[in-house]
Amino acid sequence: MKSLWNDAEANRLRKAAGDDPAEQDLAMRVYTSKLIGQEPDLVLHGGGNTSVKTRRCDESGVEHDVIHVKGSGWDLATIEGPGLPAMWLGPLLEARKTSTMSDEEMVAFLRREMLDQSGPNPSVEALLHAFLPAKFVDHTHSCAALAIANQPDAAERAHEIFGDELSIVPYVMPGFKLSHAADQIFAEQGEGTSGQFLVNHGLFSFGDDARTSYERILRYTTMCEEYLASKGAALLPEEVGTKALDPEAHNSVSALRLALKEWEFFADNLALDLRISDANDRFLALEGLAEITGRGTATPDHVIRIKPRPVIGEAVFGVAEWREAIKDFAAWYEAYFNRNAPFAEEPKTMLDPLPRVALIRGLGIVGIGRTTKEAGVAADLAEQTARIVLAAEGIGRFTPLNERDLFDMEYWSLEQAKLKA
């Protein structure tokens, strides 16, 4: 990971923000958020979040501490000031004393404390950002970190890599519970640390200025990359130009389209995005591919865009074979829903049971969606997953979140809201 920080550009942005220190802080927050967002190996398609604590005046002119946190629906690669809504920090810190809070209560609470009620909902991890004492906080789902975070002994490996520089947080559902768990661990282990490693989730870094926090997240990601390389499982480079210009020039993809369009959900709107590359070929050739990819997604929030697993076929598949494969996938998905819905805290309605990713042995990876954008997002995430899985299997065993926790993420109202943003 190479730092893209540029002193001249940072100074230009700081000057353009004017004399208000809060606006200067926000300008630096936007700047390094974009630096993070433009690196797909750090975050992809709305993943990750960032924050900055500063001071602003209320309507009476009295100055108070506030925190700007990435808003739901915004992408770090293109974020601007409005995508980082501000909240009064004092009331958020008081939430440490609250033992429980439902998702709906948390969203309402965060909105009440927003300075501008027209802004987007703050990230579901806003309280985690608030509780960490540093001025700038960065959170990423980097590929290298996920290859390690999705190991059965992820915590032990993280200690081996980072020593006491990061505190280690076991998996907890994002939102109110994770905020409190991470805060408690920071209170116990946080002295002298400058970040957190979240099992099955990703990395946090923090610092007193934007550059420090940004370059720390790069450093921790590089440490993960070097660890993988030392084990002979270096992350394969991201390949450019893997997208097939005409996916349906391949008979199997044309057959996949016809089979999918037999379902009402895709009857009128269907887009496919085929990716062909050496890395994808290596992934598709893995022994036990169906079992490995059936374990879950590389990071929990991917599940809302690519379902818990892909459908798998062969380059020689025609319509009949794809029809059967999709029928089997739908039956599996319905059973998955029926296994897990009874344990949900409130009644759930099953989403469509159709795949968002097709793995075609002998050809490539296909993203599936009702729009070109949806198919592209699915293909991007699937290609990223392929590289993560290859590295994870290279050092041990790809062991993502268990099925019930993954179901909770897929059917979490706050995650579903991202699809509508």
Side-chain angles (χ1 to χ4, degrees), residues 14 17-33 48-72 74 76 79-139 167 169 174-187 190-191 193-196 204-210 212-214 216 414:
R14 193 179 289 109
D19 296 330
D20 185 349
E23 291 301 317
Q24 293 178 3
D25 287 340
L26 181 59
M28 292 301 93
R29 178 68 287 172
V30 169
Y31 176 49
T32 53
S33 296
N49 41 66
T50 59
S51 68
V52 62
K53 299 176 182 72
T54 187
R55 291 181 64 80
R56 291 188 181 275
C57 293
D58 63 17
E59 294 178 351
S60 303
V62 178
E63 196 174 60
H64 301 273
D65 291 330
V66 302
I67 181 171
H68 287 264
V69 180
K70 177 194 158 189
S72 181
W74 280 79
L76 291 180
I79 200 163
E80 298 292 348
L84 289 149
M87 293 164 285
W88 302 114
L89 183 59
L92 270 60
L93 297 180
E94 286 295 308
R96 279 193 172 117
K97 302 174 184 176
T98 303
S99 58
T100 60
M101 191 181 288
S102 71
D103 297 337
E104 293 75 16
E105 289 171 338
M106 183 181 73
V107 171
F109 167 65
L110 294 174
R111 285 211 67 86
R112 280 198 304 273
E113 301 306 328
M114 287 172 57
L115 279 64
D116 180 0
Q117 291 296 315
S118 68
N121 284 338
S123 165
V124 297
E125 286 156 353
L127 288 175
L128 195 164
H129 284 260
F131 293 165
L132 290 170
K135 185 178 181 71
F136 286 85
V137 178
D138 296 341
H139 171 44
S167 55
V169 182
F176 189 79
K177 292 178 181 178
L178 174 59
S179 300
H180 275 260
D183 184 44
Q184 181 177 348
I185 288 171
F186 181 82
E191 186 176 356
T193 65
S194 50
Q196 292 190 319
F204 273 84
S205 69
F206 31 87
D208 292 333
D209 60 81
T212 296
S213 187
Y214 163 63
R216 280 175 174 165
L414 302 189

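Put simply, CZ on Phe136 and OG1 on Thr212 are 9.5 Å apart, with the number rounded to the nearest 0.5 Å. Here the OG-NZ distance, from Ser99 to Lys177, works out to 11.5 Å after rounding to the nearest 0.5 Å. Here the straight-line distance linking atom CE of Met106 with atom CZ of Phe176 works out to 8.5 Å at 0.5 Å rounding. How far CG of Leu89 is from CZ of Arg55: 10.0 Å, rounded to the nearest 0.5 Å. For the atom pair CG (Leu132) and CD1 (Ile67), the distance works out to 8.5 Å, reported to the nearest 0.5 Å. From His139, atom NE2 reaches atom CG of Leu76 across 10.0 Å, with rounding to the nearest 0.5 Å.
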Test Met28 against Val52 for side-chain contact (heavy atoms from CB on, under 4.5 Å), laying out the working first.
CA-CA 9 Å; Met28 292 301 93; Val52 62; over 6 Å; no
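Using a distance-only test at 3.5 Å, with no hydrogens or angles considered, a donor-acceptor pair links the side chain of His180 to the main chain of Ala95. Side-chain N or O atoms of Lys135 include one that pairs as donor or acceptor with a backbone N or O of Lys53 at under 3.5 Å. A donor-acceptor contact shorter than 3.5 Å is absent between the side chain of Gln196 and the backbone of Ser205. Between the side chain of Lys70 and the main chain of Gly48, a donor-acceptor pair closer than 3.5 Å is present. No donor-acceptor pair closer than 3.5 Å links the side chain of Ser60 to the backbone N or O of Val62.
Applying side chain to side chain donor-acceptor pair (under 3.5 Å) to Thr54 and the options Asp65, Asp25, Asp20 leaves one that passes, Asp25.
The two residues Gly18 and Gln24 have their closest heavy-atom pair at O-NE2, 2.8 Å. Closest heavy-atom contact between Ala130 and Leu93: O-CD2, 3.4 Å. Here the shortest heavy-atom pairing between Ser213 and Gly207 reads CB-N, 3.8 Å. Looking at every heavy atom in both residues, Met114 comes nearest to Pro122 through SD-CD, 3.8 Å. Taking every heavy atom of both residues into account, Pro85 and Pro120 meet most closely at CG-O, 3.5 Å. What you find for Thr193 and Ser167 is that their closest heavy atoms are CG2-N, 4.1 Å.
Shown here is Glu191, whose CD atom has no more than 12 heavy atoms of other residues, nucleotides or ligands within 6.0 Å.
Arg56 has its side chain within reach of Leu26: a pair of non-hydrogen atoms, C-beta onward, lies under 4.5 Å apart. Side-chain contact between Val169 and Phe204 is absent, with no heavy-atom pair separated by less than 4.5 Å. Side-chain contact check for Asp58 versus Trp88: some heavy-atom pair is nearer than 4.5 Å. In this structure the side chain of Leu110 reaches within 4.5 angstrom of the side chain of Leu127, judged on heavy atoms. Looking at Glu80 and Val30, their side chains come closer than 4.5 Å, going by heavy atoms from C-beta outward.
Under the 3.5 Å distance criterion, with hydrogens and angles disregarded, a donor-acceptor pair is assigned to the side chains of Thr50 and Ser33. Counting only N and O atoms by type, the side chains of Asn121 and Ser72 include no donor and acceptor under 3.5 Å apart.
A ring-centre distance under 6.0 Å is not found for His129 and Phe206.
Look at Arg29 and Asp138 and you find a salt bridge, because one of the NZ, NE, NH1 or NH2 atoms lies within 4.0 Å of a carboxylate O, short of that distance.
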